[in-house]
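One structure below.
Proteins come first, then strands; the chains are lettered A, B, ... in the order of their sequence lines, and each starts at number 1.
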2 protein chains.
Amino acid sequence: MRTQYSTRPREQVSAILKREQRYLSAAEIHGLLRKSRQNVSLSTVYRTLDLLAGKGEASARVDAGGETTYVVCDQTHHHHAVCRKCGKVQDVSCEAIESVASALRTHHGFKLADHEMQFFGTCGACK
Amino acid sequence: MRTQYSTRPREQVSAILKREQRYLSAAEIHGLLRKSRQNVSLSTVYRTLDLLAGKGEASARVDAGGETTYVVCDQTHHHHAVCRKCGKVQDVSCEAIESVASALRTHHGFKLADHEMQFFGTCGACK
DNA sequence: CTTAATTTGCGAATCATTCGCAGAATCATT
DNA sequence: AATGATTCTGCGAATGATTCGCAAATTAAG
Ligand SMILES: [Mn+2]
Ligand SMILES: [Mn+2]
Ligand SMILES: [Zn+2]
Ligand SMILES: [Zn+2]
């Protein structure tokens, strides 16, 4: 295992993610690809999503139904505000965490190493 | 469906959760019960966990391996700081969110309806 | 063009969780 | 305490998402 091949199926999966800009499951991506007659196997969709998530180019989230969904994303640390109507995902920076981190340390003796945050609501366009 | 029966198996599952105070999967709870010769079926463990989560007496979280885990919890809105060494879960209040909410509204036109937060690190006892 | 390495697609296998249902337990009423 | 209606339990089978195994197809180099 030296390099990583650049292949058609992988680019097709990536293209869908870049285009949609919202959390999609493997099955949804597979469905969208079929609609545009791009036949990529579901296995390959799964494998590509794992790859993208591993490289930090996609961010994963388990939805309410237990399915893992992915959205195209850049590596910088940030969080997401997801619109419950249209699914639009907006990046949110996280300065707020600094105060929480110090509070955790002083009040609970807890050394914060990592955190996760997600926001849900209605985006400007959907109001 | 009128009332809810109070049964032995349910109390055994609840007792484990109260005792352990950390996120446990259905399988783990089932295993702990068997060790103490309390034979509750895995199905019943699942059903009881759903019940507790529904009543807000337990809080659920999908762990890294994709398993749903539960911890005993009270209804008040708060978040959790999970120790990566011992699994201890500490409650964390969330004032910090207010500033994030207003930032979302003014900067992104996003109306915040709900949010999730989780913290990971090392608890005081484990340092 | 050849060849070695990687990727794909397919179906089978996994694994957590859910269902269906018959028998057991619980609760309210006599 | 016995009855009957309602709710639970345990079991094994079904489900559904994800992963695996492997032969055939693609890709990157020389
Ligand atoms: Mn992002
Ligand atoms: Mn709690
Ligand atoms: Zn929207
Ligand atoms: Zn600890």
Side-chain angles (χ1 to χ4, degrees), chain A residues 1-17 20 22-72 87, chain B residues 1-17 20 22-72 87:
Chain A
M1 175 244 162
R2 176 91 338 115
T3 1
Q4 186 152 305
Y5 290 1
S6 151
T7 73
R8 189 90 161 286
R10 283 179 185 165
E11 284 168 21
Q12 291 170 313
V13 171
S14 296
I16 291 283
L17 278 178
E20 296 290 330
R22 59 195 171 92
Y23 281 98
L24 293 170
S25 69
E28 286 173 318
I29 293 168
H30 185 243
L32 289 172
L33 285 170
R34 298 191 97 206
K35 250 195 255 182
S36 53
R37 306 217 206 61
Q38 301 175 284
N39 291 26
V40 178
S41 78
L42 184 54
S43 296
T44 295
V45 174
Y46 272 110
R47 286 185 285 232
T48 302
L49 290 173
D50 283 348
L51 266 182
L52 293 174
K55 291 197 289 180
E57 295 179 17
S59 174
R61 166 177 121 70
V62 178
D63 73 13
E67 270 180 289
T68 304
T69 56
Y70 299 82
V71 69
V72 70
Chain B
M1 176 243 158
R2 175 89 341 108
T3 0
Q4 188 153 302
Y5 292 0
S6 151
T7 72
R8 188 94 161 283
R10 282 179 186 166
E11 284 169 21
Q12 291 170 315
V13 171
S14 295
I16 291 284
L17 278 178
E20 296 291 330
R22 60 195 171 90
Y23 281 99
L24 293 170
S25 69
E28 286 172 317
I29 293 169
H30 186 243
L32 289 172
L33 287 171
R34 300 190 94 207
K35 252 195 253 183
S36 53
R37 304 216 206 62
Q38 302 176 282
N39 291 26
V40 177
S41 78
L42 184 54
S43 296
T44 294
V45 174
Y46 272 110
R47 286 186 284 231
T48 302
L49 290 173
D50 283 348
L51 266 183
L52 293 175
K55 291 197 290 180
E57 294 179 19
S59 174
R61 168 177 119 71
V62 179
D63 74 13
E67 269 178 291
T68 303
T69 56
Y70 298 82
V71 70
V72 70

Interatomic distance, [X] [atom1] vs [N] [atom2] [rounded to whole Å]:
X: D63(B); N: dC15(C); atom1: CG; atom2: P; answer: 15 Å
X: Y5(A); N: dT6(C); atom1: OH; atom2: P; answer: 6 Å
X: E11(B); N: dA25(C); atom1: CD; atom2: P; answer: 15 Å
X: L49(A); N: dT8(C); atom1: CG; atom2: P; answer: 12 Å

Pairs under 3.5 angstrom only: tabulate donor-acceptor contacts from the side chains of residues 26-34 of chain B to other protein residues two or more places apart or in another chain.
residue, atom, partner, partner atom, Å
E28(B), OE1, S25(B), N, 2.8
E28(B), OE1, S25(B), OG, 3.4
H30(B), NE2, V40(B), O, 3.2

- Under 4.0 Å from any atom of DNA chain D, heavy atoms only: list the residues of residues 28-37 of chain A that qualify, in numerical order.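 Close to the strand, none.
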
- List the steps, then state whether side chain to side chain contact (heavy atoms under 4.5 Å, CB included) holds for E57(A) with L17(A). CA-CA 10 Å; E57(A) 295 179 17; L17(A) 278 178; over 6 Å; no

- Task: Find out whether T48(B) and P9(B) are in side-chain contact, i.e. whether some heavy atom of one side chain is under 4.5 Å from a heavy atom of the other.
- Result: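 When only atoms from C-beta onward are counted, P9(B) and T48(B) do not touch, as no gap falls below 4.5 Å.
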
- Query: At their closest point, which heavy atom of R22(B) faces which heavy atom of G87(B), and how far apart are they?
  - Reply: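 Result for this residue pair: CB-O, 3.3 Å.
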
- Task: Please name the pair of heavy atoms, one in S59(B) and one in Y23(B), separated by the smallest distance, quoted to 0.1 Å.
- Result: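 Heavy atoms only, the tightest pair is O-CE2, 3.7 Å.
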
- Rounded distance [0.5 Å steps], CZ in R47(B) versus CG in L42(B):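 It comes to 10.0 Å.
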
- Message: Treating primed atoms plus P, OP1 and OP2 as sugar-phosphate and everything else as base, which nucleotides of nucleotides 9-18 of chain D get B, S or - for protein heavy atoms under 4.0 Å?
- Response: BBBB----SB

- Please assess T69(A) against L24(A) for the test side chain to side chain contact (heavy atoms under 4.5 Å, CB included), listing each intermediate value before the final yes or no. CA-CA 5 Å; T69(A) 56; L24(A) 293 170; 5.8 Å; no

- Query: Just by distance, do the side chain of R61(B) and the backbone of V71(B) share a donor-acceptor pair under 3.5 Å?
  - Reply: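 No.
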
- For S41(B), what residues pass the side-chain hydrogen bond (donor to acceptor under 3.5 Å, both in side chains) criterion, not counting sequence neighbours?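 Scan of S41(B) (side-chain hydrogen bond (donor to acceptor under 3.5 Å, both in side chains), adjacent residues dropped) gives T44(B).
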
- Would you please name every residue forming a side-chain hydrogen bond (donor to acceptor under 3.5 Å, both in side chains) with Y46(B), sequence neighbours left out?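 For Y46(B) there are no side-chain hydrogen bond (donor to acceptor under 3.5 Å, both in side chains) partners, ignoring immediate neighbours.
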
- Query: Tell me, which stems hold DNA chain C, with a stem being 3 or more Watson-Crick or G-U pairs in a row and both distances under 3.5 Å?
  - Reply: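 Stems found: C:1-30 with D:1-30.
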
